[in-house]
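Structure record follows, encoded as structure tokens.
Order of the sequence lines fixes the chain letters, A, B, ..., with proteins taken first and strands second; residue numbering starts at 1 for each chain.
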There are 2 protein chains.
Amino acid sequence: MPDTDARPSALRPTRQRRAITDALANAADFQSAQEIHDTLRRTGDKVGLATVYRTLQAMAESGDVDVRHNPAGEATYRRCSDSHHHHLVCRSCGRTVEITGSAVERWAHAVADEHGFSEVSHTVELVGLCAECARRQ
Amino acid sequence: MPDTDARPSALRPTRQRRAITDALANAADFQSAQEIHDTLRRTGDKVGLATVYRTLQAMAESGDVDVRHNPAGEATYRRCSDSHHHHLVCRSCGRTVEITGSAVERWAHAVADEHGFSEVSHTVELVGLCAECARRQ
DNA sequence: TTACGTGCAAACGGTTTGCATGGGT
DNA sequence: ACCCATGCAAACCGTTTGCACGTAA
């Protein structure tokens, strides 16, 4: 039987994919592909680096995970709907403070609605000068 | 003679540096180092790619410009205090809508103040599914 | 004249891709 | 059996770095 509608297709539940999903589930924060690969190796799951990249990319495309880039330019991933926070980073010393702000969350949804967008996730990053570095300069 | 701990600071006002500053001033949005390099070549300013990278890096470090990473992972730069906007991006087709929201600006400053941070700049990125792509899926 | 700034090209490192094999359906 | 998923390694590409020369101070 010819399958109706050739959707990009559902991903196959392979051992590797499950391992990656688990790693993401256990991660508290954004993880780079390489970090995830390292984690898997440590837990004994043998998964090729290319597979990690391809899988994360696919999951990102289908909206299963959020992507962002860390200051080093590496792509990092986090499973969606994670209760998440944002970061306030000192541009001088790199000191980081975690921020939670329901205000931004509401704003993000309002803006998305206004433009007909759905399933919105957001990334917010505040960069400034921490009190200590400001004093030193 | 033992050098008296030379400080790196105090950038010299060279032709190249001025060209890069000008390019940033004329740019309406975040530009990658390569885009800036292309712009300079087009306007006849001969500046080495490495110099563009080094200069932008120095300017970012000293807080003269803001850095962010585009979806492709490239570092992009924008001169500070630019009247700026944010982006609402469709994760499926890449369609982008420019957003201006004074609400976030206020929130960013409030949060920074609360933690003793100054000279804050912020990056906000909303990723979702645009109406058209949502319909198609 | 003395470093810093620059240009060039080679080196780097994260990510992607070609191809042959393995495994889900 | 069919074909997507995987692994490996080479290819890619943005960015960084070593070194010799140019140039502001």
Side-chain angles (χ1 to χ4, degrees), chain A residues 1-24 30-41 43-62 64-77, chain B residues 1-24 30-41 43-62 64-77:
Chain A
M1 150 193 172
D3 63 334
T4 54
D5 182 23
R7 285 248 289 138
S9 80
L11 309 175
R12 289 182 181 171
T14 64
R15 172 184 64 79
Q16 292 86 335
R17 197 171 294 273
R18 188 158 25 246
I20 293 173
T21 302
D22 286 355
L24 279 171
F30 279 87
Q31 302 278 311
S32 72
Q34 315 239 13
E35 286 173 332
I36 290 175
H37 182 246
D38 286 348
T39 299
L40 295 180
R41 172 174 297 184
T43 61
D45 298 292
K46 297 190 189 311
V47 182
L49 181 56
T51 299
V52 174
Y53 274 107
R54 278 190 280 233
T55 302
L56 288 173
Q57 197 170 278
M59 295 174 96
E61 205 154 329
S62 66
D64 292 334
V65 300
D66 280 347
V67 201
R68 67 175 294 199
H69 288 91
N70 64 24
E74 299 176 326
T76 59
Y77 305 83
Chain B
M1 151 191 172
D3 62 324
T4 51
D5 184 40
R7 261 231 182 274
S9 51
L11 309 176
R12 289 181 181 171
T14 65
R15 173 182 63 78
Q16 292 86 335
R17 195 172 296 273
R18 186 158 26 247
I20 292 173
T21 301
D22 286 355
L24 279 171
F30 279 86
Q31 302 279 311
S32 71
Q34 316 238 14
E35 286 173 331
I36 291 175
H37 182 246
D38 287 349
T39 299
L40 294 179
R41 171 174 297 184
T43 61
D45 297 293
K46 295 190 190 312
V47 182
L49 181 55
T51 298
V52 175
Y53 275 107
R54 280 190 280 232
T55 301
L56 288 173
Q57 197 170 278
M59 294 173 98
E61 205 153 331
S62 66
D64 293 334
V65 299
D66 280 347
V67 200
R68 67 174 296 198
H69 288 90
N70 63 22
E74 298 176 327
T76 58
Y77 304 83

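- Atom CG of A:L49 and atom P of D:dT6 are 13 Å apart (whole Å).
- An OP1 or OP2 oxygen of D:dT23 is reached within less than 4.0 angstrom by no side-chain nitrogen or oxygen of B:Q16.
- Among the protein residues, A:A75 comes within range of the sugar-phosphate backbone only, with heavy atoms under 4.0 Å from sugar or phosphate atoms but none that close to a base.
- Look at A:Q57 and you'll find a side-chain N or O under 4.0 angstrom from OP1 or OP2 of C:dT16.
- Nucleic acid contact class of A:Q34 (heavy atoms, under 4.0 Å, all strands): base.
- Closest approach to the A:A50 side chain among D:dC8, C:dT6, C:dT15 is made by D:dC8 (side chain taken as heavy atoms from C-beta onward).
- The A:R17 side chain lies nearest to D:dT6 when the options are D:dG14, C:dT15, D:dT6.
- Nearest nucleotide to the side chain of B:P13, out of D:dT6, C:dG5, D:dA25: D:dA25.
- Residue B:R12 has no polar side-chain atom (N or O) positioned under 4.0 Å from OP1 or OP2 of C:dT6.
- Counting atom types as modelled, B:R54 pairs a side-chain N or O with a base atom of C:dG7 as donor and acceptor under 3.5 Å.
- A sub-4.0 Å separation between OP1 or OP2 of D:dA5 and a side-chain N or O of A:T51 is absent.
- Here CD of B:E35 is found 13.0 Å from NE2 of B:H37. Values are rounded to the nearest 0.5 Å.
- Residue whose closest nucleotide on DNA chain D sits further toward the 5' end, between B:T14 and A:T14: A:T14.
- Comparing D:dG14, D:dT6, C:dT15 against the side chain of B:E74 picks out D:dG14 as the nearest.
- Each of C:dG5, D:dT15, D:dG7 was ranked by its minimum atom distance to the side chain of B:Y53; first place goes to D:dT15.
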